[in-house]
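Only one structure is covered here, and it is reproduced in the block below.
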Amino acid sequence: MPELPEVQTVVNTLRPRVRGRTIRDVRLTRDDVLTPAGVDFARLIEGRTVAEISRRAKRIVFTLDDGQRFYIHLGMSGRLTVQPPDDPLPRHTHLLIGLDAEPALELRFTDPRRFGGIWWLGVAPDEDGVVGPEPLTVRPAQLARRLARTTRAIKNALLDQSVIAGLGNIYVDESLFAAGIHPLTPANTLTTEQVKGLNRAIKSTLRRALRHRGSTLRDYRDADGNAGGFQSLHRVYGRAGEPCRACRSAIQRIVLGGRSTHFCGNCQPR
DNA sequence: GTCCATGTTCTTTA
DNA sequence: CTAAAGAACATGGA
């Protein structure tokens, strides 16, 4: 659910409330949200201070004062909030971290669908798994090199986190519209000029979404519980049948890689 | 009951 | 063998 703009907004709202605070008590109410299984997560983090909170791809990375790290992925329906411990506890809250604050604060991870979770990294210098470059800083030549390696539709290639990290279904559709590229275009057939335009479109789309604190379709909230505001500015995502904001022709919806894909057949010709 | 959902990973097919 | 397509995961809302 949350893509780069939403995850970054969570990090931005989390940081001033959590960084520098000491972890008092940890409650993991079901252990299958933790990877690897069997890690004594509470013992590892209790008494530690949160040195930094950052984002890599769609992961929210916590760095502790002893240099150990873990990350939380929100999956499709995850929320990470900071609130007073006596606030009513929502269903499907799997992790509660009590923080040393006056008045007391609690970091909560809630995720009904449980596609998200907590991954313990320890002091491993490398990140786990293959994660592509960050879309806000990737250079056009680097993006071109990675797209040239696959014949897949550009929509599917951009959703692949090992090709480029942080994009999801909303921002791939929005970026392809902004670049005027049809989602079915084979990734390796894009011209150098098209990749340059796509690179610019991705960056401007993400920056605009960040300014509006992400998109809330249903579940997404930042760490303070606030919804995003970008959803009303989507140009194609979720607008099937509605007029294109540029040319008034009807936005089309097809299924690609099992995901809804929205585009303007006129502004994004094949 | 049906279909759909901001994601990732495992399995099957080509 | 590899790349790509498809299924699966779990819950809830329309």
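Here is how names work: the chains are called A, B, and so on, in the same order as the sequence lines, proteins then strands, and each is numbered from 1.
- The CD atom of Q161(A) sits 15 Å away from the P atom of dC10(B) (whole-angstrom rounding).
- The phosphate of dG12(C) has OP1 or OP2 within less than 4.0 Å of a side-chain N or O from H92(A).
- No engagement by Y171(A) is indicated, since no non-hydrogen atom pair under 4.0 Å with the nucleic acid exists.
- In this structure, L184(A) places its CG atom 14 Å from C1' of dA5(C), rounding to the nearest Å.
- When distances are taken from the side chain of P112(A) to each of dG7(B), dA5(C), dT11(C), the shortest belongs to dT11(C).
- The side chain of H73(A) sits closest to dT8(B) out of dG13(C), dT8(B), dC4(B).
- Both distances falling under 3.5 Å, in either a Watson-Crick or a G-U wobble arrangement, occur for no nucleotide opposite dA10(C).
- Within the 4.0 angstrom heavy-atom criterion, only backbone atoms of the sugar-phosphate kind lie near G168(A); the bases stay farther away.
- For dA4(C), one of the phosphate oxygens OP1 or OP2 lies less than 4.0 angstrom from a side-chain nitrogen or oxygen of T151(A).
- Taking the six-membered ring wherever Trp is involved, the centroid distance between the rings of F70(A) and F41(A) falls below 6.0 Å.
- dT11(B) and dA10(C) are spaced 15 Å apart, taking the P atom of each and rounding to whole Å.
- For the P atom pair drawn from dC4(B) and dG6(C), the interatomic distance equals 16 Å after rounding to whole Å.
- The side chain to side chain contact (heavy atoms under 4.5 Å, CB included) with L176(A) is formed by just one residue from the set K155(A), H262(A), H182(A); it is K155(A).
- D111(A) approaches S77(A) most closely through the heavy-atom pair OD1-OG, 2.6 Å.
- Screening E6(A), E3(A), E134(A) for a salt bridge (charged side-chain N to carboxylate O under 4.0 Å, His left out) involving R55(A) leaves a single residue, E134(A).
- Across the protein-nucleic acid pair, D160(A) atom CG and dA4(C) atom C1' stand 11 Å apart, rounded to whole Å.
- Rounded to a whole Å, the CG atom of D219(A) is 14 Å from the P atom of dA5(B).
- Using a 4.0 Å heavy-atom distance criterion, T150(A) is classed as a sugar-phosphate-only contact.
- Among the nucleotides dG7(B), dT11(C), dA5(B), the one closest to any side-chain atom of E3(A) is dG7(B).
- Distances from the side chain of R114(A) to the nucleotides dT11(C), dC9(C), dA5(B) place dT11(C) closest.
- Between the side chain of R113(A) and the base of dA5(B), at least one donor-acceptor pair of N or O atoms lies under 3.5 Å.
- Residue side chain F115(A) meets the stacking definition with respect to dC9(C): its ring centre sits within less than 5.5 angstrom of the base's six-membered ring centre, and the planes differ by less than 30 degrees.
- When heavy atoms are screened at a 4.0 angstrom cut-off, R253(A) is found touching the sugar-phosphate backbone but no base atom.
- Salt-bridge check for D160(A) with R152(A): passed, with a basic side-chain N closer than 4.0 Å to an acidic carboxylate O.
- In this structure, R149(A) reaches neither bases nor backbone, as no heavy-atom distance under 4.0 Å exists between it and the strands shown.
- I97(A) and Y71(A) are members of different hydrophobic clusters when ILVMFWY side chains are connected at heavy-atom separations under 4.5 Å.
- Of all nucleotides listed (dT8(B), dG12(C), dA5(C)), dT8(B) comes nearest to the side chain of K58(A).
- A straight line from CD1 of I72(A) to P of dT8(B) spans 15 Å, rounded to a whole angstrom.
- Note: CG (L159(A)) to P (dT9(B)) measures 14 Å, nearest angstrom.
- We find that CZ of R91(A) is positioned 15 Å from P of dA10(C), with the value rounded to whole Å.
- When rounded to the nearest whole Å, the span between CZ of R218(A) and C1' of dA14(C) equals 9 Å.
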